[in-house]
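One is the number of the first residue; the rest follow in order along the sequence.
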Amino acid sequence: LAHYSQDKELLRAFNEGLDIHTQTAIKLFGKIEAKEKRGVAKSINFGLLYGMGPRKLAQTLSISQAEAKGYIENYFKSFPTVKEYLESIKKEAKKDGFVTTLLGRKRYFDFKNANGMQLPMYEREAVNTRFQGSAADLIKLSMNKIKNDILNKNAKMLLQIHDELIFGVKDEMVENFAQNAKNIMENIYKLHVKLNAVVSTGKSWGELK
């Protein structure tokens, strides 16, 4: 969202290494309440990427629809270019009949024949496709480069979960492999914001959390 919308506040937060959910909470609720409201800010940040409206946000946060609507309105006031960009995705999808991801993959929508129920659903999915699809592009690029550059008999790729990759690595190779994988993921594609990868190690998946 920061990359595409180029909202100054979002770009600043990411490029200065700040916690985006805390920064959103500060914008919406002030510094005093920011820590307590971080979870609310996180729901709003992700909700907007999923095309979430006041009704769904109200259900997610167990608040009134009016309160949820106020949160969203305040968010757009705090990050002024975001709303304009999200609306541009919908307009583009209706005009072209598809939405593209970062690497140019297309998802098609039949807006011309959409009924009253399908239209808002297609709009939400169009917004979501731009961001989720682009995130999928990045993780797939990373997987391919890691496979080609650093996987060997000492390291195997086990799982991919959203933006996470899990590897099985021989003990003596862990530190070196982790640093190389982190470097690949952080430099896989040049965006307007820095990509940041966090490394965790452990004997089981549970220990990584």
What do you reckon, is CZ of Arg55 surrounded by more than 12 foreign heavy atoms closer than 6.0 Å?
-> no
For Thr101, enumerate each residue passing the side chain to side chain donor-acceptor pair (under 3.5 Å) test, keeping only those at least two apart in sequence or located in another chain.
-> Asp137
Is the NZ atom of Lys56 crowded by more than 12 outside heavy atoms at less than 6.0 Å?
-> no
Parallel, tilted or perpendicular, as decided by the 30° and 60° cut-offs, for the rings of His3 and His192 = parallel
Non-hydrogen atoms of His162 and Ile139 that approach each other most closely | O-CG1, 3.8 Å
With ring centroids as reference points, do Tyr75 and Tyr71 lie under 6.0 angstrom apart?
-> no
Scan side-chain atoms only and decide if Asn144 and Asn148 contain a donor-acceptor pair under the 3.5 Å cut-off.
-> no
Would you kindly say whether Ser134 and Tyr4 are connected by a side-chain donor-acceptor distance under 3.5 Å?
-> yes
Smallest separation among heavy atoms of Arg105 and Gly133, with atom names = NH2-O, 2.9 Å
Do you know which two heavy atoms are closest between Ala197 and Met185, and how far apart they sit?
-> CB-CB, 4.2 Å
Tightest non-hydrogen contact, residues Ser5 and Leu10, listed as OG-CD1, 4.1 Å
Aromatic ring proximity, centroids under 6.0 angstrom, Phe131 and Phe46 = no
